[in-house]
Student: 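Please read through the structure below; I'll follow up with questions.
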Amino acid sequence: MRAGLAPAVVGARIAQVTVVDERALTRHAGDAVSFEAALTGRTIAEAARRGKFLWMPLQRPVAGVQPDGASDAGASESESLGNAIVGHLGMSGQLLLRPAGAPPERHERVRLDIEHPVHGELTVVFADQRTFGSLALDHLVPTPDGAPGGWGTDAAATPSQVAHIARDALDPAFSDARFSRTVRAKRSAIKRVLLDQTVVSGVGNIYADEALWAARLHPETPAADLSARAVTRLLAEVRTVLEKALAEGGTSFDAQYVNVNGQAGYFSQSLHVYGREGEQCHRCGAVIKRIPFGGRSSHFCPRCQRRH
DNA sequence: GGAATAACCTGGATGC
DNA sequence: TGCATCCAGGTTATTC
């Protein structure tokens, strides 16, 4: 989604902001009026991502030219690294690129009308059925390691709301050694640790199940029981799964999971365990099992992912 | 302090 | 056909 959005929004001026449903601003410190006012007239400088968080840093306002209603929810911009629109899609959020004046989308929550120097007038729609996703204006803070904050930015900064999120497993600055130490210090089940975004980001329920299958690890294996070698293998499989999913445009089961043009990804056709309860394991032929996991499900092969 | 659970929502699928 | 129930790709506050 970041890759699809970037060419259309980087360098674009935000002409108008319309908050249709204020529940989309649950992570925004102010109200809808302050959100709309603070963004109107600003120019988007980048489109960056860490794990499942996406942010769009804003160019600083030209001296003497204040955007409408200059107050914002973050720190004083003159004292900070600047501000960014930060978004999370939650379970069902979408960011859609549409022509200017496009009719309302179903579950539309926020609309940004933008003017791009090359592509002209466009509309970015944030739609979200379950309203777990959100947009916010946030201030940027330095990264502790001095490396770029995420994909799509060279700046060593992230929105404050993203600062506690670990680097993405595919991030060049990701520390394998720290990951291994952290994982092996946890008594929780390895799947729970993989889903802990403060340990590694970008891994959700689908990709956790798929990576554990590839690494032949039972999802309920205590993380502390894993050898350093097993953790290294697991991290390699996490990366393989994420790289493949990114290349195939993500995992679409229905119309909720689409790219900025409303197109579905293909990774669902590459799944080995997720959503395949009762079907045969692609590796050994055993029947895939589904077990409850914190209000959701874990899928695994009982033969090639045995509990130790 | 770490780990587990509940809560936040809507809508599609399924069963009665 | 209508209603109730379950389930869904996430994060975070609360409880244990």
Side-chain angles (χ1 to χ4, degrees), chain A residues 1-2 20-29 49-55 86-95 105-110 126-136 138 158-166 168 181-213 219-225 238 241-242 244-246 248-259 264-278 290-299:
Chain A
M1 187 157 282
R2 189 210 68 80
V20 180
D21 188 333
E22 202 157 350
R23 289 177 301 175
L25 302 181
T26 51
R27 289 186 177 87
H28 180 65
R49 174 183 76 80
R50 176 183 289 199
K52 303 163 196 166
F53 282 87
L54 172 82
W55 69 91
V86 56
H88 195 293
L89 301 180
M91 301 270 262
S92 54
Q94 303 172 325
L95 278 168
E105 297 287 334
R106 197 173 184 205
H107 307 303
E108 180 167 325
R109 310 296 182 195
V110 178
F126 177 66
D128 189 12
Q129 177 199 103
R130 294 173 67 186
T131 68
F132 289 174
S134 67
L135 296 181
D138 193 13
T158 66
S160 69
Q161 298 178 13
V162 183
H164 68 291
I165 299 294
D168 191 288
R181 281 197 306 273
T182 305
V183 168
R184 299 185 68 208
K186 299 264 188 189
R187 285 179 300 170
S188 299
I190 184 58
K191 174 160 174 181
R192 189 174 297 282
V193 176
L194 277 184
L195 293 179
D196 184 344
Q197 304 296 299
T198 66
V199 176
V200 57
S201 67
V203 181
N205 204 31
I206 295 176
Y207 302 142
D209 280 1
E210 293 299 310
L212 289 167
W213 177 84
E220 294 176 336
T221 305
D225 287 358
V238 165
V241 167
L242 291 179
K244 192 152 192 274
L246 282 172
E248 296 180 12
T251 311
S252 298
F253 295 124
D254 56 43
Q256 293 299 320
Y257 306 101
V258 295
N259 68 10
Y266 294 102
F267 192 73
S268 59
Q269 295 169 28
S270 302
L271 297 175
H272 292 291
V273 282
Y274 188 88
R276 297 193 61 244
E277 180 188 19
R290 179 171 73 98
I291 56 175
F293 169 78
R296 298 202 184 81
S297 300
S298 286
H299 306 76

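None of the values given here were measured: they were computed from a predicted structure. Letters A, B, ... are given to chains in the order of the sequence lines, protein chains preceding strands, and every chain is numbered from 1.
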Student: Checking A/Arg290 against A/Ser297: is there a side-chain donor and acceptor pair closer than 3.5 Å?
Tutor: yes
Student: Check every strand shown and say whether A/Gln256 touches a base, only sugar-phosphate, or nothing at a heavy-atom separation below 4.0 Å.
Tutor: nothing
Student: Pick out the pairs of N or O atoms, protein on one side and nucleotides 5-8 of chain C on the other, that lie under 3.5 Å.
Tutor:
{"residue": "C/dA8", "atom": "OP1", "partner": "A/Ser297", "partner atom": "OG", "Å": "2.9"}
{"residue": "C/dA8", "atom": "O3'", "partner": "A/Tyr274", "partner atom": "OH", "Å": "3.4"}
{"residue": "C/dA8", "atom": "N3", "partner": "A/Arg130", "partner atom": "NH1", "Å": "3.3"}

Student: Applying side-chain hydrogen bond (donor to acceptor under 3.5 Å, both in side chains), can you list everything that pairs with A/Ser134, at least two apart in sequence or on another chain?
Tutor: A/Arg27
Student: With sugar-phosphate meaning primed atoms plus P, OP1 and OP2, does A/Tyr207 contact a base, only sugar-phosphate, or nothing at under 4.0 Å between heavy atoms?
Tutor: nothing
Student: Report, one pair per line, the protein and nucleotides 2-6 of chain B atoms (nitrogen or oxygen only) whose separation is under 3.5 Å.
Tutor:
{"residue": "B/dA3", "atom": "OP1", "partner": "A/Arg187", "partner atom": "N", "Å": "3.4"}
{"residue": "B/dA4", "atom": "OP2", "partner": "A/Ser188", "partner atom": "OG", "Å": "3.2"}
{"residue": "B/dA4", "atom": "OP2", "partner": "A/Arg192", "partner atom": "NE", "Å": "3.2"}

Student: Can you see which heavy atom on A/Ser201 is nearest to which on A/Ile165, and at what distance?
Tutor: CB-CG2, 3.5 Å
Student: When the distance from CZ of A/Phe293 to P of C/dT11 is rounded to whole Å, what number comes out?
Tutor: 13 Å
Student: Over how many whole Å does the gap from A/Phe132 atom CZ to C/dT11 atom P extend?
Tutor: 12 Å
Student: Between A/Arg49 and A/Asp168, is the closest basic N to carboxylate O distance under 4.0 Å?
Tutor: yes
Student: Pull out every stem in DNA chain C, meaning runs of 3 or more consecutive Watson-Crick or G-U wobble pairs with both distances under 3.5 Å.
Tutor: B:2-8 with C:10-16, B:10-16 with C:2-8
Student: Which residue pairs pass the ring pair (Phe, Tyr, Trp, His ring centres under 6.0 Å) test with at least one member in residues 194-213 of chain A, sequence neighbours excluded?
Tutor: A/Tyr207-A/Phe267, A/Trp213-A/His272
Student: Output the rounded distance in Å from CZ (A/Arg27) to P (C/dT11).
Tutor: 8 Å
Student: Answer yes or no: are there more than 12 heavy-atom neighbours, outside A/Phe253 itself, under 6.0 Å from its atom CZ?
Tutor: yes
Student: Please state whether the phosphate of C/dG9, meaning OP1 or OP2, lies under 4.0 angstrom from any side-chain nitrogen or oxygen of A/Lys52.
Tutor: no
Student: Look at the side-chain N and O atoms of A/His88 and state whether any lies under 4.0 Å from the OP1 or OP2 oxygen of C/dT11.
Tutor: yes
Student: With sequence neighbours excluded, what pairs up with A/Arg192 under the salt bridge (Lys or Arg N to Asp or Glu O under 4.0 Å) test?
Tutor: none
Student: Given atom CD of A/Gln161 and atom P of C/dT11, what is their separation to the nearest angstrom?
Tutor: 13 Å
Student: What is the separation between atom NE2 on A/His107 and atom P on B/dT10, rounded to the nearest whole Å?
Tutor: 10 Å
Student: Can a side chain N or O of A/His164 be found less than 4.0 Å away from OP1 or OP2 on C/dT12?
Tutor: yes
Student: From C/dT12, C/dG9, B/dG11, pick the nucleotide closest to the side chain of A/Arg106?
Tutor: B/dG11
